[in-house]
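Working notes for the structure below.
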Amino acid sequence: MADKYAASPGDIPVGKANEGEDYARKAVIASTVGYALDGFDLLILGFILAAISSDLGLTSTQAGSLVTWTLVGAVVGGIVFGWLSDKYGRVRVLNWTILLFAIFTGLCALAQGYWDLLAYRTIAGLGLGGEFGIGMALAAEACRPEQRARMSSYVGLGWQAGVLAAALVTPILLPIVGWRGMFAIGVLPAVVAFVIRHFIGEPKIFIESQKSTAPKENSFKLLVADAKTTRASLGVVILTSVQNFGYYGVMIWMPSYLSNQFGYSLTKSAGWTAITIIGMAFGIWLFGQLADRVGRRPIFLLYQVGAVISVLAYSQLSSQYALLIGGAIMGMFVNGMLGGYGALISELYPTQARATAQNVLFNIGRAVGGFGPLAVGAVAAKYSFSYAIALLASIYVLDIIATLFLIPERKGAALE
């Protein structure tokens, strides 16, 4: 069934078709840059925590809380701005989020102590939180149905690009500009994203939905509108929770695992991280390519089975070369599923609840995923890191069950 707001090239003049493709390209770029900003900002914060702690005299608990409250702000911001986006428009609200982020990230550079810095980081986190879901909704609504998974996966790749950019520039610039200068630099991607969004309008399907004279339903209620939708929402929450739990559980503890188990230096651990991130990026890209051709559910199942096998196998490796290759393969499956959420969620919910669904369901998963490092650390303390990593593989079985029994296949479905 064709998307009622996306005609095939043969149905419309070439000029109009090119115009639609040009809009879709701009929308995907704007969404991707916004999500890259998320990854860039959070990794920079991790790099500069030691410098901030030294300069402001922070305890380790206070330093860690800066990350925690940034994520808390992101969860709250994601839910609030997703709802506002369904009410007032994708591009308009994305601009609000980017301005909020830019202003309070700039204020971080002027912080004089722990409490004002904590407040600035939390409010900046509110702005960051809206980027993922609203960007995914915008990309899905702008592109053709047969390209929906691919375009959504490109938005997911934005995070990896931001992480890599931060990893490359921070070691070079931090000694030169200091932690305050790094916060100032963090504003620059926000300015770029704001400028890009200035040149795109709202997607046609959203404009059409706003013209409807029918009473507007509460977008939160639409996530549990009936039994079928409620099952799908539960299924998506399980998928995003498992993916985030596994991602944070692996990425936070793996450098320590490599150091304790195999005596890896910081340089070797960084090399592992880079290879793993490349594997993750490839996995996200490949997911989009396959999901548009085969379907959403089969590829989710493929990746989930791959995650079980690769995580379990990785916990048994001992050769440094095997660890590098295994890390890339594990990264591909553990985080590659991020390439499928945008299309899946967009096809499950109507326009007036699409951004709300993206941000609420993903951020619930992000909140649950935040317990991943805690759980892995607790198991590792009682048994061993290798045992904890092996045990982590079992959570993907829950993912498989949810996909089989709760998630419907909506490949190429018309957006409502």
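Treat the numbers as computed from the prediction; the structure is a model and nothing was measured.
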>> Tell me whether the rings of F287 and Y303 are parallel (<30°), tilted (30 to 60°) or perpendicular (>60°).
In response: perpendicular

Measure the spacing between [atom1] of [X] and [atom2] of [Y] and express it to the nearest 0.5 Å.
X    : Y    : atom1 : atom2 : value
Y349 : Q358 : OH    : CD    : 9.5 Å
M151 : S346 : CE    : OG    : 13.5 Å
N335 : M280 : CG    : CE    : 4.5 Å
L338 : M136 : CG    : CE    : 5.5 Å
L100 : W96  : CG    : CH2   : 11.5 Å

Whether [X] side chain and [Y] backbone form a donor-acceptor pair below 3.5 Å:
X    : Y    : answer
S54  : A50  : no
Y341 : L239 : yes
D116 : G113 : yes

Considering only heavy atoms from C-beta outward, does the side chain of [X] approach that of [Y] to under 4.5 Å?
X    : Y    : answer
I200 : L138 : yes
V242 : I238 : yes
V169 : I185 : no

> Going by an N to O cut-off under 4.0 Å, is there a salt bridge joining R144 and E146?
Replying inline: yes

>> By the salt bridge (charged side-chain N to carboxylate O under 4.0 Å, His left out) test, which pairs, at least two apart or in different chains, include something from residues 282-298?
In response: R150-D292, D292-R296, R296-E347

>> Other residues, nucleotides and ligands only: do more than 12 of their heavy atoms fall within 6.0 Å of CZ on R180?
In response: yes

> According to the ring pair (Phe, Tyr, Trp, His ring centres under 6.0 Å) rule, which pairs have a member within residues 141-177, sequence neighbours left out?
Replying inline: Y35-W159

> Pick from T68, D41, V72, L107: which one makes a side-chain contact (heavy atoms from CB on, under 4.5 Å) with R121?
Replying inline: D41

> With distance as the sole criterion, is a donor-acceptor pair present between the side chains of S219 and T356 under 3.5 Å?
Replying inline: yes

For residues 392-403, please give each side-chain donor-acceptor pair under 3.5 Å, one per line with the distance, not counting sequence neighbours.
{"from": "S394", "atom 1": "OG", "to": "L391", "atom 2": "O", "distance (Å)": "2.6"}
{"from": "T403", "atom 1": "OG1", "to": "Q304", "atom 2": "OE1", "distance (Å)": "3.2"}
{"from": "T403", "atom 1": "OG1", "to": "Q304", "atom 2": "NE2", "distance (Å)": "2.8"}
{"from": "T403", "atom 1": "OG1", "to": "D399", "atom 2": "O", "distance (Å)": "3.0"}

